[in-house]
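Worksheet: the structure to be examined is printed underneath.
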Amino acid sequence: MVKKKTRVRKAVIPAAGLGTRFLPVTKSMPKEMLPIIDKPVIHYVVEEAFDSGIDDILIITGRGKRAVEDYFDDAPELRMHLERHGKNQQLKDLNEISRFRGIHFTRQTEPKGLGDAVRSAEKHCGDDPFAVLLGDDIMKDGIPCTRRLIDVFEKTGGSVIAVQEVAKKDISKYGIIKGREEGDNLFLLEDIVEKPRAEHAPSNLGAIGRYVFTPALFPCFDLVTPGAGGEIQLTDAIRQLMKKEDVYAYKYTGKRFDTGDKLGYIETIIEYAMEDEGMKGELGEYIRKKGM
Ligand code: G1P
């Protein structure tokens with residue numbers, strides 16, 4: 001019998017979405033490259049994966065997403081320029097990206113949905129368990145959200161998805177779960193529905209874009225037909241997975257920022273700016289003056 005692998009070293013980051021919520025800027029710029037002051041959103045997502053002990057990352061891109069690859073590539077001319085001009089801080093900032101070297105990229109040829117994007121990672125993941133981090137969400141906590149999911153996976157051996165309570169008006173934007181409480185912030189998944197209407201939702205716990213899966217997820221896509229929005233949904237594959245093995249939900253208590261939403265994006269920038277010693281005084285003053 002083949003022993004099941006328990007170390008999570010791989011992550012899949014779907015970044016192929018068209019970014020329609022942010023048009024027109026996303027017409028010529030990937031939404032994952034929208035800046036949170038001076039770093040793109042995807043920087044924080046990749047950083048979370050690395051800080052969770054993952055060292056093998058596959059980013060699923062699509063047409064018009066080349067800037068994502070360029071961001072994680074080396075830039076020798078720029079490095080030399082900064083060295084020559086003694087711009088040491090900028091050089092340090094640039095070198096921070098090089099710790100993410102070795103990221104793999106593949107393209108989703110057609111935007112057929114999140115499930116289809118994750119499915120395209122099958123060859124890369126093989127028989128290994130893997131994390132999925134959605135490129136829109138930034139998590140902020142002492143211990144990275146993905147690390148917390150890996151801890152649950154190591155304890156239970158089952159796939160696990162991160163959830164948080166969401167406001168009633170937002171329920172129809174999420175995959176909503178039904179779960180049986182199993183312990184501190186841990187639920188055994190009993191159902192998950194993609195973007196239900198609030199009155200039909202099984203709870204107010206929504207999937208927040210962080211998952212750890214066993215490789216048993218992949219064959220589940222064979223059983224999935226286009227669902228909500230006419231797309232192949234990851235949620236529908238999770239529903240199939242639940243029939244084969246235990247799947248868990250972990251209630252994440254850290255802060256989450258949805259940068260794919262305009263208001264969420266502004267909130268994220270303010271949050272990070274207020275942590276910056278050089279900015280927080282004047283920015284706080286500006287916000288107070290505006291009477292906010
Ligand atoms: C996706 C998932 C959904 C999840 C959400 C979290 O939806 O399909 O289950 O709750 O991410 O952000 P999307 O936001 O891509 O429509």
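This one's a predicted model, so the numbers in the text were calculated from it and none came from an experiment. Position 1 is the first residue of the sequence, and the numbers go up from there. As the structure lists them, so they are numbered: ligands from 1, and atoms in each ligand from 1.
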Original post:
Nearest 0.5 Å, what's the CD-CD1 distance between E69 and I103?
Top reply: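 It is 10.0 Å, given to the nearest 0.5 Å.
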
For ligand 1, output the ligand-protein N/O contacts shorter than 3.5 angstrom; if there are none, return none.
{"unit_1": "ligand 1", "atom_1": "7 (O)", "unit_2": "K195", "atom_2": "NZ", "d": "3.2"}
{"unit_1": "ligand 1", "atom_1": "8 (O)", "unit_2": "E194", "atom_2": "OE1", "d": "3.4"}
{"unit_1": "ligand 1", "atom_1": "8 (O)", "unit_2": "E194", "atom_2": "OE2", "d": "2.7"}
{"unit_1": "ligand 1", "atom_1": "9 (O)", "unit_2": "G175", "atom_2": "N", "d": "3.1"}
{"unit_1": "ligand 1", "atom_1": "9 (O)", "unit_2": "E194", "atom_2": "OE1", "d": "2.7"}
{"unit_1": "ligand 1", "atom_1": "9 (O)", "unit_2": "T235", "atom_2": "OG1", "d": "3.4"}
{"unit_1": "ligand 1", "atom_1": "10 (O)", "unit_2": "G175", "atom_2": "N", "d": "2.9"}
{"unit_1": "ligand 1", "atom_1": "10 (O)", "unit_2": "A207", "atom_2": "O", "d": "2.6"}
{"unit_1": "ligand 1", "atom_1": "16 (O)", "unit_2": "K195", "atom_2": "NZ", "d": "2.7"}

Original post:
For the rings on H43 and F72, is their centre-to-centre separation under 6.0 Å?
Top reply: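 That pair fails the under 6.0 Å test.
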
Original post:
Between Y248 and F187, is a ring-ring contact (aromatic ring centres under 6.0 Å, His included) present by the stated rule, with each step listed?
Top reply: CA-CA 6 Å; Y248 296 87; F187 298 81; over 10 Å; no

Original post:
Are K140 and Y272 in a cation-pi setup, meaning NZ or CZ lies under 6.0 angstrom from the ring centre and within 45 degrees of the ring axis?
Top reply: yes

Original post:
Is it true that a side-chain atom of K10 and a backbone atom of H124 form a donor plus acceptor pair closer than 3.5 Å?
Top reply: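 Answer holds: yes.
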
Original post:
Picking from D73, D74, D55, D56, what satisfies salt bridge (Lys or Arg N to Asp or Glu O under 4.0 Å) with R101?
Top reply: D74

